[in-house]
Amino acid sequence: MLRVGMLTSGGDCQALNAALRGVAKTLYAKRDDVEIYGFLNGYQGMIYGKYKKLTPQDFSGILTRGGTMLGTSRTPFKELDIPTPEGIQKVPAMKQTYKELQLDALVMGGGNGSTKTANRLYEEGLNVIALPKTIDNDTWGTDYTFGFDSAIEIATKCIDDIHTTASSHGRVFVIEIMGHKVGWIPLYAGIAGGADVILLPEIPFNYDSVIKTIEERDASGHRFTIIAAAEGAITKQQAKMKKKEYKALIAQRKYSVVHEIADEIFARTGREIRVAIPGHTQRGGQPCARDRVFATQVGVEAAMGVLEGEFGFMVADKGREIVRVPMSEVAGKLKYLDPNCQLIQQARQMGISFGD
Ligand code: F6P
């Protein structure tokens, strides 16, 4: 008997179900003695022993379904050794659940923090494999994470749709794009959607530069300007702040960064300006075709790892090849954009402003 546990952890995203399906279908195809257990709501399912035994039927019809069939939650790595409100020690409890179910392996779909926890469990002796999930594409050690391409599609559609009102009314729009501390989605969606200004966490901006672009566009008869701003967009002044000081500034923000940006541009120019926030729609709905394929590949590779008895790795994409990278090398490291990467240079060459 081969007994495998599965869970999804952290923010949901498109194609999580496709990845789980890839794992399960491969295991069922290769062995006829497989039992799969799905832990509910992330690591919480392992901590509290909440799981369900899954059947091949459970993995049918889920390729196109967004979200996660198992539910998810955030279990911060830094709180791993702090007991639950009920006094349960998290790591020993997870080990106990794994042992009680006599699991041979645990497959975990998660981002940076979740992979750090997966690595801890691996170091504690569990056979763990991680799947690179997140719309943010900020996971170290892989070129792509599943969810990223779908999020780009949604954010791009939002920028496309805003264009019509922006041009009809001659307005400035600031559109907030997700991505946490990195600018992958705003960069790709900004370019795909034809944004005039793209503000990224990796390239601190100043208002003079952004306003210059708006004025130049007005002067050349364009009437409108689209600003794609990362949720982590940061001014040059803020970038000089001490980490603690900047954190405090963010903590006291009533609304998100785009309101601050719109207020400042309005104060300086009096220009008609609106904000748009696609928010969690970027994590929602059906996965795009590319994410379905990639997540399926990832799932197959994880299942092959289980069958071969190789653990402690995250499945990754390196130059569009599926590879295995040690979790210990990637866990908890953020993959930022290189501000001098070719794509940013090319965007600059065609006149897109990064506000710097
Ligand atoms: O990591 C995915 C993500 O959607 C980020 O882009 C965003 O910063 C964060 O999660 C939002 O988290 P929550 O769903 O907890 O509001």
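Both counts, for ligands and for their atoms, begin at 1 and track the order of listing. None of these values were measured; they are calculated from a predicted model. Atom set for the values below is all heavy atoms of this structure, side chains included, hydrogens, waters and symmetry mates excluded.
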Requested in this report: With the side chain counted from C-beta on, respond yes when Q297 and F294 share a heavy-atom pair under 4.5 Å apart, and no when they do not.
Outcome: yes
Query raised in the report: Should the pair R320 and Y144 be classed as cation-pi, given the thresholds of under 6.0 Å to the six-membered ring centre and 45° from the axis?
Result: yes
Query raised in the report: Below 6.0 angstrom between ring centroids: does that apply to F224 and H163?
Result: yes
Query raised in the report: Of the backbone atoms (N, CA, C, O) and the side-chain heavy atoms from C-beta on, which set of I135 has a member under 4.0 Å from an atom of ligand 1: side chain, backbone, both, or neither?
Result: side chain
Query raised in the report: Where is the tightest heavy-atom contact between E231 and H180, given as atom of each residue plus distance?
Result: OE2-N, 2.5 Å
What side-chain donor-acceptor pairs closer than 3.5 Å can you find for residues 185-195, not counting sequence neighbours?
none

Query raised in the report: What protein heavy atom sits nearest atom 16 (O) of ligand 1, and how far away is it?
Result: H280 NE2, 3.2 Å
Report summary line: ligand 1 atoms nearer than 4.0 angstrom to some heavy atom of G179 are 6 (O)
Report summary line: One finds that the ligand 1 atoms under 4.0 Å from a non-hydrogen atom of R283 are 2 (C), 3 (C), 4 (O), 9 (C), 10 (O), 11 (C), 12 (O), 13 (P), 14 (O)
Requested in this report: Considering only non-hydrogen protein atoms, determine which one is nearest to atom 8 (O) of ligand 1 and report residue, atom name and distance to 0.1 Å.
Outcome: E231 OE2, 2.6 Å
Query raised in the report: Distance from Q14 atom CD to D291 atom CG, nearest 0.5 Å?
Result: 6.5 Å
Report summary line: Here the atoms of ligand 1 under 4.0 Å from any heavy atom belonging to M178 are 4 (O), 6 (O)
Query raised in the report: Hey, is R74 one of the residues with a heavy atom under 4.0 angstrom from ligand 1?
Result: yes
**Report entry** Selection from V182, D136, N137, N112 by shortest heavy-atom distance to atom 6 (O) of ligand 1
**Finding:** D136
